[in-house]
Amino acid sequence: MATVTADADTRPIAPVDVSDAALYTEDRWQEPFAQLRAEMPLAWHPESPYGPYWSVSSHGLIQQVEALPDIYSSDTANGGITIIDPMDEIAQKFENFIAMDRPRHTEQRRVVQPSFNPSEMARREVEIRQRVGELFDVLPVGETFNWVERVSIPITIGMICALFDFPWEERHDLKRWSDWASEVTPDQSEERRMLWLEQMMQMLTRFDRLFEEKRAAPPADDLMSRIIHSDAMGQMPPAERMGNVALLIVGGNDTTRNSMSGFIDAINRYPDQLDKLRADPSLIPNAASEIIRWQSPVTHMRRTALEDTELDGHAIKAGEKLILWYISGNRDEALFADADRFDVTRENARRHIGFGFGIHRCVGARLAELQLQIYIEQIVKRGWRVEPRGDWTRLESCFLHGFTDMPVEIVAEG
Ligand code: HEM
């Protein structure tokens, strides 16, 4: 165990509660985090609607915490992976492998990993390019419409349908379950909990039918078949099946969707960057990394200290929660020059921490990058500008960072 040199009295107290969703809906989170990084990259919040917590806001410290998964736990039983504590024993049973520690995490991750390996991605690329191209072909150029509804959501929901062999006609259910499963709100009322449970039960019932079809068939290469025919995940109790389905649909859905919407925001704030992509499309893969850095669609992950320890000269007590603010680490000037700027030529864009770090680093990272590259490619090759028409609305959340409405018009120039 590390030597503990400081006590609670010497804790640097954060001047602002960065868990306040208004910072994100009103897009004014940049300044509070810049202050935290400069003055106290590890800061204590004695109270918040989610209880007391530590803010970890620099890139370096976030990596340090994630590199020690045996000290800083992800397990639901200890508090899980978001700022909100699992509400009760029922919620704690909805386990999934992002919210597990070793060795179970390793066993389950190993089952799904092959669905995201390079040969699988090469196969997927053809399918994604065709699907995204068809969607862009029918967009109403010259009219006002909601980009999130018409573009970001259908592309990413389409990907999840393909990954799970889920019927396209039922995609609206998938979107609704994904929204419920990813909700992080201080509202912990019984009524809210029952609504949540009802949606999750619906999701489980539908997915169980798909699982049973796969179980009855010989083992195949797709994700559902891999899961149901595996030793580590084939016999999961219902709540854990539900948890893992939710993980895969939320993991692959809202995150990529919000990166896509974020790209439209970025090229409107920095139109010269779209010009650069048009002049040199070989920059598109780097632009995909840069948009994940700049947007940071997952605002935070949480860890809970399993023992008294020390971090950055401060004593952390067993049981305390640490919030790893990726959104801040990705704007850390110590690593990223002129960090608030969206720059498609940024040389170290790939060092962003938007996918996390260490044993839990996003298993779908390559699939997300691939979708983003193909999506950016479509905008670039068509010579489009996508301009705001009306106010954009941001997601009310301190967990996922994105947009709900983006009225826009496509102006074709190319
Ligand atoms: C831009 C898009 C995406 C972003 C920003 C993102 C971000 C993240 C983050 C921050 C983590 C946790 C990392 C940590 O704790 O260190 C994570 C884990 C995970 N992501 Fe993603 N993700 C994206 C796309 C996807 C996709 C497309 C899928 C799959 C369809 C996916 C599935 C998962 C899974 C299963 C985990 C758990 C990994 C583990 O615990 O070992 N993600 N992702």
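Just so you know, ligand 1 is whichever comes first in the structure, and atom 1 is the first atom listed for that ligand.
Around atom 20 (N) of ligand 1, the closest heavy atom drawn from G251, P69, C362 belongs to C362. Looking at A368, G252, A288 and measuring to atom 26 (C) of ligand 1, the nearest heavy atom belongs to G252. Atom 37 (C) of ligand 1 has its nearest heavy-atom neighbour, among N96, L367, I98, V112, in I98.
Residue M100 places no heavy atom under 4.0 Å from ligand 1. In this structure, G358 falls outside the shell of residues with a heavy atom less than 4.0 angstrom from ligand 1.
Test W325, Y53, W54 against H45 for ring-ring contact (aromatic ring centres under 6.0 Å, His included) and you get one pass: Y53.
Ligand 1 has no nitrogen or oxygen under 3.5 angstrom from a nitrogen or oxygen of I160.
With ligand atoms numbered from 1 in the order given, ligand 1 contributes 5 (C) to contacts under 4.0 Å with heavy atoms of P297. Shown in contact with H105 at under 4.0 Å from a heavy atom are these atoms of ligand 1, numbered in order with element: 39 (C), 40 (O), 41 (O). Interface atoms of ligand 1 facing L163, defined by a heavy-atom separation under 4.0 Å, are 30 (C). Atoms of ligand 1 found under 4.0 Å from any heavy atom of E66, numbered from 1 in the order shown, are 14 (C), 15 (O), 16 (O). Listed by number with element, the atoms of ligand 1 under 4.0 Å from a non-hydrogen atom of I359 are 41 (O). The distance from ligand 1 to the heavy atoms of S259 drops below 4.0 Å at these ligand atoms: 1 (C). Listed by atom number, the atoms of ligand 1 under 4.0 Å from G356 heavy atoms are 10 (C), 13 (C), 14 (C), 16 (O). Interface of G364 with ligand 1, defined as ligand atoms under 4.0 Å from a residue heavy atom, comprises 26 (C), 27 (C), 28 (C), 31 (C).
Remark: minimum distance from atom 11 (C) of ligand 1 to any protein heavy atom is reached at F355 O, 3.9 Å. The nearest heavy-atom contact from the protein to atom 35 (C) of ligand 1 is V363 CG1, 3.4 Å. Looking only at protein heavy atoms, the nearest one to atom 40 (O) of ligand 1 is H360 ND1, 2.6 Å. Among all protein heavy atoms, the one lying closest to atom 7 (C) of ligand 1 is G354 O, 3.5 Å. Considering only non-hydrogen protein atoms, atom 23 (C) of ligand 1 sits nearest to T255 OG1, 3.4 Å.
Ring orientation note: the planes of Y375 and W147 are nearly perpendicular, at an angle over 60° on the 30°/60° scale. The aromatic rings of Y24 and F33 are tilted relative to each other, their planes meeting at an angle between 30° and 60°.
Relative to the ring axis of F336, R293 places its NZ or CZ within 45° and under 6.0 Å from the centre. No cation-pi contact links R193 to W196, judged by a cut-off of 6.0 Å to the six-membered ring centre and 45° from its axis.
For D231, the CG atom counts as loosely surrounded, since its 6.0 Å shell holds 12 or fewer non-hydrogen atoms of other residues, nucleotides or ligands. Atom CD of E347 is surrounded by 12 or fewer heavy atoms from other residues, nucleotides or ligands within 6.0 Å. Other residues, nucleotides and ligands contribute more than 12 heavy atoms inside 6.0 Å of the CG atom of D137.
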request  = Take D179 and R176 through the salt bridge (charged side-chain N to carboxylate O under 4.0 Å, His left out) test and state the conclusion after the steps.
outcome  = CA-CA 5 Å; D179 289 344; R176 195 179 62 255; over 6 Å; no
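Between P52 and P46 the shortest heavy-atom distance is CB-O, 3.3 Å. When all heavy atoms of R215 and I228 are compared, the pair lying nearest together is NH2-CD1, 3.5 Å.
In this structure, H300 has its ring center no closer than 6.0 Å to that of Y326.
Using a 4.0 Å cut-off between heavy atoms, R303 contacts ligand 1 through its side chain alone, with no backbone atom that close. Only side-chain heavy atoms of F116 come within less than 4.0 Å of ligand 1; its backbone N, CA, C and O stay farther off.
Looking at R123 and E127, no side-chain N of the basic residue comes within less than 4.0 Å of a carboxylate O on the acidic one, giving no salt bridge.
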